[in-house]
Amino acid sequence: MDRRAGVLPVARTALPPPAHHFRRGRADPDFRTKPQISTALAARGKAAGFACRAVVDDCAYSVSDDWYLALRDADLPYVVALKPHRGTWARADEPHTPVDAARALTGTGPDHPGDSTPVERHFRDGHTETWWATDATLGGYGPHSPCRLVVATTDPGLLPEKATWYLTTNLPHPDAPHAAVSTHPPTSLAEIVRLYGLRHWTEQSYKQIKDELGWADFQVGSDIAIRRHQTLVNCAFSFCWNQWFAPPGPLDATAPDPCPDEGTERGSRHAPPAPTALLAQGLTRRPLLAHPGDHPDPLVAGLDRQGPTTRTPSPPRRGHLRQTP
């Protein structure tokens, strides 16, 4: 979770086993889909004390009713994209898809945005872009409904496919009747666009660092072995993220030399430059472990619930007799 952004990306650290790993396949009670795993992780994070502004994700999760119900039961706010052409029940003369709802608005372009509100987006490289956002009405979605439909785009008239978002959220409209009693604060259009815009940054950064840490670089085939490899990568990822947010600290002059001079070796020796800061900051709960911050240990321990496995030796085959002492 990005504490500065206040966004919780879900279902990125758990590996759902394929259905064929279960006795009854997808009908097995232990089988879990990614939306089910993501909501469980979000609920566990909230119960452990993690605070987030909203749970955000792409349209792959918006098709799961169980996903919405689980987030509602956990009382978690969300901002999630809808598929542009996903149909919903409505009267014959009313919009039936998010695209239809956007086209029913009065805006004809950036010069004549109609009901759309300008939203200025700020990017990490320093440039800004002006988008246009508005609440739309579609079936049960609406500005005064428990679930809002927000259309954000660079052109309210053309609705370009690559630069138009159709977002649903349970963050109430400031003028909604239930805003005063909602457990979530009233939220402006600019804030909803900002929250979903952070998803792309989180997604891209997460994917790049996972690749650098060797997420897919394994030579094991069993389900448990793959899980353990990915648990190590997740721990390394969490360590790097925690170090990124930690302020630089002074060098520990009392630390032992990791490379003591034990005599000459063949070839020339080049001394590496002295480090400018320690890699791990703060005290450790146990030797040789980085400081875990205020994160509860059970969250990390829960990533690998399986104990060590033992492999039963296979019977000897003809031509491949094992040598025993």
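Note that the numbering runs from 1 along the sequence shown for the chain. No hydrogens, no waters, no symmetry mates; every other heavy atom, side chains included, goes into these values. Since the model is a prediction, treat every value here as computed from it, not as a measurement.
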Going by heavy atoms in the side chains, are [X] and [Y] under 4.5 Å from each other?
X      : Y      : value
Arg199 : Val79  : no
Pro95  : Thr137 : no
Arg148 : Ile192 : yes
Arg53  : Thr187 : yes
Thr169 : Leu195 : no

Would you compute the distance between atom [atom1] of [X] and atom [atom2] of [Y] and round it to the nearest 0.5 angstrom?
X      : Y     : atom1 : atom2 : value
Leu138 : Glu94 : CG    : CD    : 9.0 Å
His96  : Arg91 : NE2   : CZ    : 10.5 Å
Leu82  : Asp58 : CG    : CG    : 11.5 Å
Leu76  : Leu71 : CG    : CG    : 6.0 Å
Asp100 : Thr88 : CG    : OG1   : 11.0 Å
Asn170 : Arg72 : CG    : CZ    : 10.5 Å

Measure the acute angle between the ring planes of Trp165 and Trp131, then classify it against the limits of 30° and 60° as parallel, tilted or perpendicular.
-> tilted

For [X] and [Y], work out which heavy atoms get closest and say how close.
X      : Y      : result
Pro185 : Pro172 : O-CD, 3.5 Å
Pro160 : Thr153 : CD-OG1, 3.5 Å
Asp155 : Gly109 : OD1-CA, 3.5 Å

Can you establish whether the number of heavy atoms outside Glu212 located under 6.0 Å from its atom CD is more than 12?
->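 For Glu212, atom CD is not crowded (no more than 12 foreign heavy atoms under 6.0 Å).
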
Is the count of non-hydrogen atoms from other residues, nucleotides or ligands lying under 6.0 Å from His112 atom NE2 greater than 12?
->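 No.
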
In one Ile/Leu/Val/Met/Phe/Trp/Tyr side-chain cluster, 4.5 Å: Val99, Leu105 |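 No; tracing contacts between hydrophobic side chains, which count when under 4.5 Å, never links both residues.
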
Determine the sole option in Pro156, Ser116, Pro113 for which the side-chain contact (heavy atoms from CB on, under 4.5 Å) test with Thr134 is passed.
->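 Output: one option passes, namely Ser116.
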
